[in-house]
2 protein chains.
Amino acid sequence: MNESFKALADPTRRQIIRLLREKDRSAGEIADYFKMSKPSISHHLNALKHAGLVQDERHGQFIMYSLNTTVLEEVLGWLLELTGTGKQNEPEVHFNKEAEEK
Amino acid sequence: MNESFKALADPTRRQIIRLLREKDRSAGEIADYFKMSKPSISHHLNALKHAGLVQDERHGQFIMYSLNTTVLEEVLGWLLELTGTGKQNEPEVHFNKEAEEK
DNA sequence: TATATATTTAGATAATTATTTAAATATCGA
DNA sequence: TCGATATTTAAATAATTATCTAAATATATA
């Protein structure tokens, strides 16, 4: 969850996500949309993959990336819980100084 | 928008948001929930404020913080656009190498 | 098999962000 | 007005992240 939020915190990575929403694309095809070097894009793709936001699969020479909307929906869920209709003063948040977010 | 995502990328700041969802709280009250120093919490509160996610208002000695759900809903909107039902291959994303995210 | 293409990994550096202690500012209440 | 409380700002440092070039790996194809 923390990884997802961190991955979404970068504008390049958010643009990559939008590109992948349209269709699956190879690493090089993605890189062509940016002025950044290919290794940098590779690094961003890795961050997205590590967060579970995208998946990759080799097809011959190419490595195709695709979006994993499941994780995006988890993030969405977290936000909905906050803005969420109704439950305005309902579910108490309980954590102590040691507590970590799941 | 970028500021919002960056603000949400930190677990301490997300916990602060959850605390403020319950009710408005003073800076000190918020700081008591964490083992971090007060200046650090002040810094995080500033990041949230800068992103427009929270507002502050002085009440005598205390400075009360409250949640601004409007900005959270904008973030929510961004995510909904991606996971969004229906419009699967509809709105083309068009940006060039110079383009900045609004 | 040698060469070209696609992509990642390594290593270095620059930039950003988080954190702390100490000091400054503001308000309250005796 | 003075001392206590609440909070922020400043300055320094540590930790993390982003970026680049060069090198390594994997696959395709002539």
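All heavy atoms count here, side chains included; hydrogens, waters and symmetry mates do not. All chains are named by letter (A, B, ...) in the order of the sequence lines, taking the proteins before the strands, and each is independently numbered beginning at 1.
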When you measure from the side-chain N and O atoms of [X] to the phosphate of [N], is any distance below 4.0 Å, counting only OP1 and OP2?
| X | N | result |
| --- | --- | --- |
| A:S26 | C:dA6 | no |
| B:S40 | C:dT19 | no |
| B:R13 | C:dA18 | yes |
| A:S37 | D:dC20 | yes |
| A:Y65 | C:dA6 | no |

Using the side-chain heavy atoms of A:P39, tell me which of these nucleotides is nearest: D:dT8, D:dA18, C:dT8.
C:dT8
Heavy atoms under 4.0 Å, any strand shown: does A:T12 hit a base, just sugar-phosphate, or nothing?
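Counting heavy atoms under 4.0 Å across all strands, no contact is made by A:T12.
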Using a 4.0 Å heavy-atom cut-off across all strands, classify B:K49 as base, sugar-phosphate, or nothing.
nothing
In whole Å, what is the span from the [atom1] atom of [X] to the [atom2] atom of [N]?
| X | N | atom1 | atom2 | result |
| --- | --- | --- | --- | --- |
| A:H44 | C:dT8 | NE2 | C1' | 15 Å |
| A:D32 | C:dT7 | CG | P | 9 Å |
| B:K6 | D:dA18 | NZ | P | 10 Å |
| B:H43 | D:dT9 | NE2 | C1' | 12 Å |
| B:M36 | C:dT20 | CE | C1' | 11 Å |
| A:F62 | C:dA4 | CZ | P | 17 Å |
| A:N2 | D:dT16 | CG | C1' | 13 Å |
| B:D56 | C:dA26 | CG | P | 15 Å |

Gap separating the OH atom of A:Y65 from the CD1 atom of A:I41, nearest 0.5 angstrom
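The distance works out to 11.0 Å.
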When A:Q61 and A:L45 are each assigned the nearest nucleotide of DNA chain C, the 5'-most assignment goes to A:Q61
What closest approach, in Å, do A:A7 and A:A51 show between heavy atoms, and which atom pair accounts for it?
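Between these two residues, the closest heavy atoms are CB-CB, 3.8 Å.
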Is it true that [X] and [Y] fall in one hydrophobic cluster, defined by side-chain heavy atoms closer than 4.5 Å?
| X | Y | result |
| --- | --- | --- |
| B:M64 | B:I17 | no |
| B:I63 | B:I16 | yes |
| A:L20 | B:L80 | yes |

More 5' along DNA chain D: B:E29 or A:R58, using each one's nearest nucleotide?
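Looking at DNA chain D, the more 5' nearest nucleotide goes with B:E29.
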